[in-house]
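All ligand and atom numbering here is 1-based and tracks the order in the structure.
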Amino acid sequence: MKFATKAIHAGQEPDPSTGAVMTPIYQTSTYWQKSPGDNQGYEYSRGTNPTRKALENCLAALENARYGLAFSSGMGATDAVMKLLLPGDEVITGNDLYGGSYRMFTKIYNNYGIIFHFLDLSDPEIIRKHINEDTKLIWVETPTNPTMQIVDIEAIAKISKEHDILLAVDNTFASPYLQNPLDLGADIAMHSVTKYIGGHSDVVMGALLMNNEELYKRLWFIYNATGATPGPMDSFLVLRGIKTLHLRMKAHCENGRVIAHYLKTHPKIDKIYWPGFEDHPNHAIAKKQMRDFGGMISFTLKGADLQETFRIASSFKVFTLAESLGGVESLINHPVSMTHGSIPKAEREKVGVVDNLLRLSVGVEDVEDLLEDLKQALGGL
Ligand SMILES: *Cc1c(COP(=O)(O)O)cnc(C)c1O
C-alpha cells in the first residue's frame with residue numbers, strides 16, 4: 001500500500017461489534033475474563049488497549065516497520081530505549097540534539113553509569129574512533145534541531161551493523177512522510193508524535209517503530225513494566241490527525257520552500273538553515289534520504305542583540321511565539337530561551353545555537369499571509 005492509503009486505513013477496520021467505521025475510543029482500564037486467564041487478548045490498559053493498538057499498527061505501517069509502540073510522550077519513548085542499557089554501556093550521539101534528549105542523557109542516565117559521546121556526525125567516519133566493546137547504542141537525530149544539519153543514516157547504519165551496535169533515529173523533524181530510517185538500516189525509529197504526526201498541537205505522545213521481534217519484546221516489556229503509555233482518547237486524536245499527514249506534509253514543504261527562499265535574500269537575515277538549499281553543507285545527503293525538505297527553518301538576525309531578537313520574536317501576528325513544532329499553525333521559537341534552555345552556552349554556541357537565532361515551524365496557512373507577517377515583523381522588503 002502507498003503512504004496516503006496507509007495513513008487513512010492502516011491498523012483500522014470497521015469495529016466488529018457495531019460496524020463503526022472510526023476506531024472507537026476504548027475508554028477502559030480493564031477487561032472481562034471469562035475464567036482467570038481466558039480473555040480476548042486484553043487484560044489491563046497499561047499494557048494493551050484496542051484504540052492504542054490500532055494507532056501502533058498504523059504508525060508501524062507508516063515507517064515500514066513490523067512493530068510499533070506508542071508512549072505518553074516523545075521523552076517517554078526515548079527513555080524506554082535508554083532502559084535497554086546497563087551501567088558501563090556507552091552511547092554515541094550527535095552534538096546538536098533536542099534539548100530534552102540532551103538533558104535526559106546528561107542529567108539522568110549519566111548518573112546510572114552510562115557514558116555518552118556527543119560528536120559532530122556530519123562525517124560518519126568519526127564514529128569509528130569512539131567505538132569500543134562497551135558501545136551499545138548510536139542515537140541519531142536528523143535533520144537536527146534547530147540548525148537542520150543532516151546526518152547520513154545509511155552510512156551510520158553500515159558502521160553500526162559492522163560492530164553489532166543498535167542504531168536509533170529520532171525521526172521527529174522529517175516525519176515518516178519524508179524519511180524512513182528503518183529502510184536505511186536503522187534498528188529503531190523514534191518519534192515525538194506530538195509534532196508532525198499528531199499535527200494539531202493538541203496531544204503529547206511518542207512512538208518507537210522496529211522490525212526485530214526480539215527487540216520489540218524487550219521494549220514492550222519496558223513499556224508495560226514502567227508504564228509511560230498513552231490513553232485511548234489521545235490515541236484516537238492521533239489516529240484522526242494521521243489521516244491528513246500526507247496532505248499536511250506536502251503543504252508544509254511547499255510553504256517552507258517559499259519562505260526559505262524569501263528569507264535567504266532578506267537584508268535582516270544573516271545565516272539561514274534549511275536543507276533544501278543547494279549550498280547547505282549536507283544537501284546531497286538530504287536529497288538522497290528525504291523525499292522533500294520540510295517546513296522547519298532557522299535563521300540568525302543580522303547584528304541583533306538578545307533584546308532586539310526578543311522584540312522581533314514578539315512582533316509576529318500570524319506566527320505564534322511558542323515551543324513545539326509540526327502543527328497546522330505556524331510557530332516561531334527562540335531556541336536559546338525556550339527549547340534549548342537546558343544546554344550549556346558553550347555547548348550550544350559550538351553548533352550555532354546563538355542568542356540571535358530564531359526557528360520557524362512553517363504551518364499550512366496561506367503562504368501570502370505568512371510572507372506578509374514576516375515582512376511586517378522583520379521590517380524592510
Ligand atoms: C519534541 C521533541 C522530542 C520530545 O518529544 P515530546 O513529545 O515533547 O516528549 C524529541 N525529539 C525531538 C526532535 C523533538 O522535537
Side-chain angles (χ1 to χ4, degrees), residues 52 55 59 63 68-83 91 93-109 116 118 121 137 139-151 153 168-179 181 186 188-209 223 226-231 234-235 237-238 241-242 249 252 273 275 290 294-298 322-327 331-335 338-343 348 351 353 359-363:
R52 192 199 308 148
L55 170 64
L59 289 168
E63 279 291 15
L69 292 170
F71 291 82
S72 52
S73 68
M75 295 325 297
T78 302
D79 185 62
V81 176
M82 294 301 140
K83 287 193 170 100
V91 179
T93 186
N95 61 358
D96 186 19
L97 286 182
Y98 173 69
S101 306
Y102 180 85
R103 179 174 59 191
M104 180 192 289
F105 297 170
T106 56
K107 297 269 168 64
I108 295 181
Y109 283 98
F116 293 87
F118 299 96
L121 299 180
L137 173 70
W139 181 272
V140 165
E141 203 179 303
T142 182
T144 67
N145 177 17
T147 58
M148 316 298 155
Q149 291 174 39
I150 303 293
V151 178
I153 298 172
V169 176
D170 180 340
N171 202 29
T172 301
F173 264 43
S175 89
Y177 180 77
L178 294 181
Q179 174 174 285
I188 301 172
M190 173 266 167
H191 281 281
S192 169
V193 172
T194 315
K195 315 295 169 51
Y196 285 109
I197 294 178
H200 295 75
S201 306
D202 50 7
V203 173
V204 172
M205 194 187 286
L208 299 176
L209 301 313
Y223 152 109
T226 61
T229 54
D234 282 358
S235 301
L237 284 169
V238 173
I242 288 174
M249 289 311 298
H252 286 296
Y273 303 97
M290 298 171 73
M296 296 302 299
I297 303 166
S298 298
E323 295 193 8
S324 200
L325 61 111
L331 301 180
I332 183 160
N333 170 276
H334 181 247
M338 296 165 72
T339 45
H340 289 62
S342 53
I343 303 181
R348 63 172 165 77
V351 292
V353 185
R359 187 190 79 185
L360 301 179
S361 170
V362 176

| Any N or O of M75 that comes nearer than 3.5 Å to an N or O of ligand 1? |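 Between M75 and ligand 1, an N or O pair is found under 3.5 Å apart.
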
| Polar proximity ligand 1 side, E141 side, N/O cut 3.5 Å exclusive | no

Nearest protein heavy atom to [atom], by residue and atom, and its distance?
{"atom": "atom 6 (P) of ligand 1", "answer": "G74 N, 3.3 Å"}
{"atom": "atom 5 (O) of ligand 1", "answer": "S192 OG, 3.0 Å"}
{"atom": "atom 1 (C) of ligand 1", "answer": "K195 NZ, 1.4 Å"}

| task | Mind checking ring-ring contact (aromatic ring centres under 6.0 Å, His included) for F71 and listing every partner two or more places apart, or none if nothing turns up? | result | Y223

| request: Identify the two heavy atoms, one from E323 and one from L331, that lie closest to each other, and give their separation to 0.1 Å. | output: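 Looking at all heavy atoms of both residues, the closest pair is O-CD1, 3.5 Å.
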
| M205, portion touching ligand 1 at heavy-atom distance under 4.0 Å |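 The answer is the backbone of M205.
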
| query | Numbering the atoms of ligand 1 from 1, which are under 4.0 Å from a heavy atom of S73? | reply |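 Those of ligand 1 that fall under 4.0 Å from S73 are 7 (O), 9 (O).
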
| query | If we ignore angles and hydrogens, is there a donor and acceptor under 3.5 Å between the side chains of E63 and N171? | reply |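 There is such a pair (donor and acceptor under 3.5 Å, judged by atom type) between the side chains of E63 and N171.
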
| field | L325 CG to I332 CD1 distance, which is reported to the nearest 0.5 Å | value |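 Going from CG on L325 over to CD1 on I332, the span is 13.5 Å.
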
| said: Whether the side chain of Q179 engages the backbone of T142 through a donor-acceptor N/O pair (distance < 3.5 Å, no angle test) should be reported. | reply: yes

| query | Taking T172 for the side chain and S192 for the main chain, is one N or O donor matched with an acceptor at less than 3.5 Å? | reply |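 Judged by distance alone, yes, a pair lies under 3.5 Å.
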
| Should one rank T194, D79, L325, D170 by closest heavy-atom distance to atom 11 (N) of ligand 1, which comes out on top? | D170

